[in-house]
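Have a look at the structure below before the remarks.
Both ligands and their constituent atoms are indexed starting at 1 by order of listing.
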Amino acid sequence: MNDRLTAPCPYTVALHGAPDLCAPIQNAFAHGGQFAAADILQTHSAAELLAQVRRQPGIGAVILVWSAAELAGLVRQTAEVRRHLADPLTPIFVRSTTPLTPGVRSELRALGIYGPYCREGVNVPVLVEDVLHAIDSAHERRALVAISAFAGNKDAKSSLIELATMTLKFLGENGIGTAGGLFCFLRPTSAPAWVVMAGSGQFQSMQGLPATRLAPQIRTLIEDDATGPAELDDETSLTLRLVTAEGCRVCLYLTQDAPLVAWHRIVAGIFRNRLAVVVDEVMQKRRIERAQHAGIATLATVSEYRDVDTGNHVARVSRIATTVTQILFDRGLVGDGNVELIRHIGHASILHDIGKVGIPDAILLKNGPLDAEERRIMQTHAALGHEILSKTAMTSDWPTLMTLAASIARSHHERYDGTGYPDGLAGTDIPLAARIVAVVDVFDALVGERPYKQPWTEAEALAYLSQQSGRHFDPQVVAAFLVAVQDSQDRVVVEWSAPFSVGHEAIDRDHQRLFAILNQIWQDKQAGNRLVLETALDELMHYTCSHFAREEEYMIDFGYPGYAAHREAHQSFAAQIESLRWEYLHGLRKNIHDDLLDHLWHWLMDHIVEADKRFSHFIAGLGSCPDAADAQAPAAT
Ligand code: FEO
């Protein structure tokens, strides 16, 4: 197989000089066995040479054979050729039958012509070997330049899926994988599995699918534990495996109709090393973002643990605040300049009560109304929260989010009419994010149980919001909130009711939360709002951690014999949700609503209604493991 026949770059050589000197060179290229692929353009005048160089941007090399005594002409002509060549990497060879003076050598060196490029005398076999070697080297350098440009492309680094798609496109444009390519990634979740991040050509429709859906022989290549460098698997396909410094595993499978050549191995090898670095950059960016979100969530949970409604209140506020903000945006009430607000309000809002960490338990958990002094102390949580978060904002890599969180913490108890605290701000002087969180926070507190009050009905709480519109609350935010509530009431897919109860208050409360998440996902199904779904997924992950841990703790405490199987079911559900979430967050799946709803619905019916009830029957001493049929399935609305 002659590699150069199918190499992606040209092997055209422009040859200029006296015909008697050029003839043996042309003959060597034409009849030189493996070098026969080179296409010689012989020119007979300086003007013709320059015309050829200009006309043929893909020239691989230029050979000037000089026999005249006037060496200044050689330098001039070489400089002209260099100037007209489209690609500065194209090598120029000078062969002179006239001895070269030090001055001429120096001038040629300045043009990049020295060493094997500049010789006295014409040794044809050596010249041919040098030319073809130089063309290959130039191709490699071009590949390196192109790969470096690819690796620096911001668009390619915007997400893993973008990187995967652009990688296959780039390789295809460079003649590798022209019939089809697969970019597979080992999903680093609790249940690792190879997934197709992008497909091209014959594999285009495979994007987002697990590698188990690939043809067995390709699947074997992808799932192979080998981590070696680029391999030429056969004449027409190539597998490229890499393990990044961060431990991410990628496998590319590339195939084409024409045979792959050694040139492809060179490009693939260079590309492989650069790709590993870019994959880590993309993953690090995503990991930092998620770690920051997780850190914020942990901070919020810590403060909530001192409160009465562990974790649930802030998660609900986060989800509903995002929905309300989106409605305001859709109505044109949040300008484009506030895009950052829509992006961050869900995460920023969960820290609104962080200042409560500084409030004594005797006041925070008091089972009754606060007196004036206690109320004054309680109100300091707003300024305290602002102080904590402002300090964090100053040292954070994510100042926008933390600044927003600080502003919400300080101003979420301001009132629209100016009678709130701590600054007595009024109207639109109150930051918009704080006006939004104020409505959502009060509503959720009213319908929730507190040590000092019974929960209000939703209708009572909504009536209060309407009554306080323009007084306590921004009227536009209240209007958007009412739309959100109406929307959620109109489109409830399943409502929590007594038959769902497992007879344990804390567990029931957690389960009700899951119902709310399911309904939120259902309501978002049409709108397909990415941020709403992201916050719902975050809340779902929080649910799988906190609720399962709580329930399993009870099981251990009660010595429940079905504990191991129940725990396994929890782990399997959490892994399914985690996997769906990973694929959604990494852009592999644009729409996961149906799968998510399907999982949640089956979880309600198969797990909560049956498995959880078996546990509750056990606690109640009604039996260790009643039949599934004993559990009555409530009707969905
Ligand atoms: Fe309530 Fe076993 O999940």
- Message: Looking only at side-chain N and O atoms, does Q512 offer a donor or acceptor that is under 3.5 Å from a partner on D508?
- Response: no

- Is there a donor-acceptor pair under 3.5 Å between the side chain of D280 and the backbone N or O of E246? yes

- Can you say whether the rings of W456 and Y464 are parallel (under 30°), tilted (30 to 60°) or perpendicular (over 60°)? perpendicular

- Query: When H547 is tested against each of H570, H511, R513, R509 for side-chain hydrogen bond (donor to acceptor under 3.5 Å, both in side chains), which residue passes?
  - Reply: H511

- Taking 2.8 Å as the upper limit, name the protein N, O or S atoms near atom 2 (Fe) of ligand 1. E551 OE1, H566 NE2, H570 NE2, H607 NE2, D612 OD1

- Task: Would you kindly say whether R219 and T212 are connected by a side-chain donor-acceptor distance under 3.5 Å?
- Result: no

- Message: As a test of reading the structure, name the N/O/S atom of H511 that is nearest atom 1 (Fe) of ligand 1.
- Response: NE2

- Task: Go through the side-chain N and O atoms of D612 and H566 and say whether any donor and acceptor fall under 3.5 Å apart.
- Result: yes

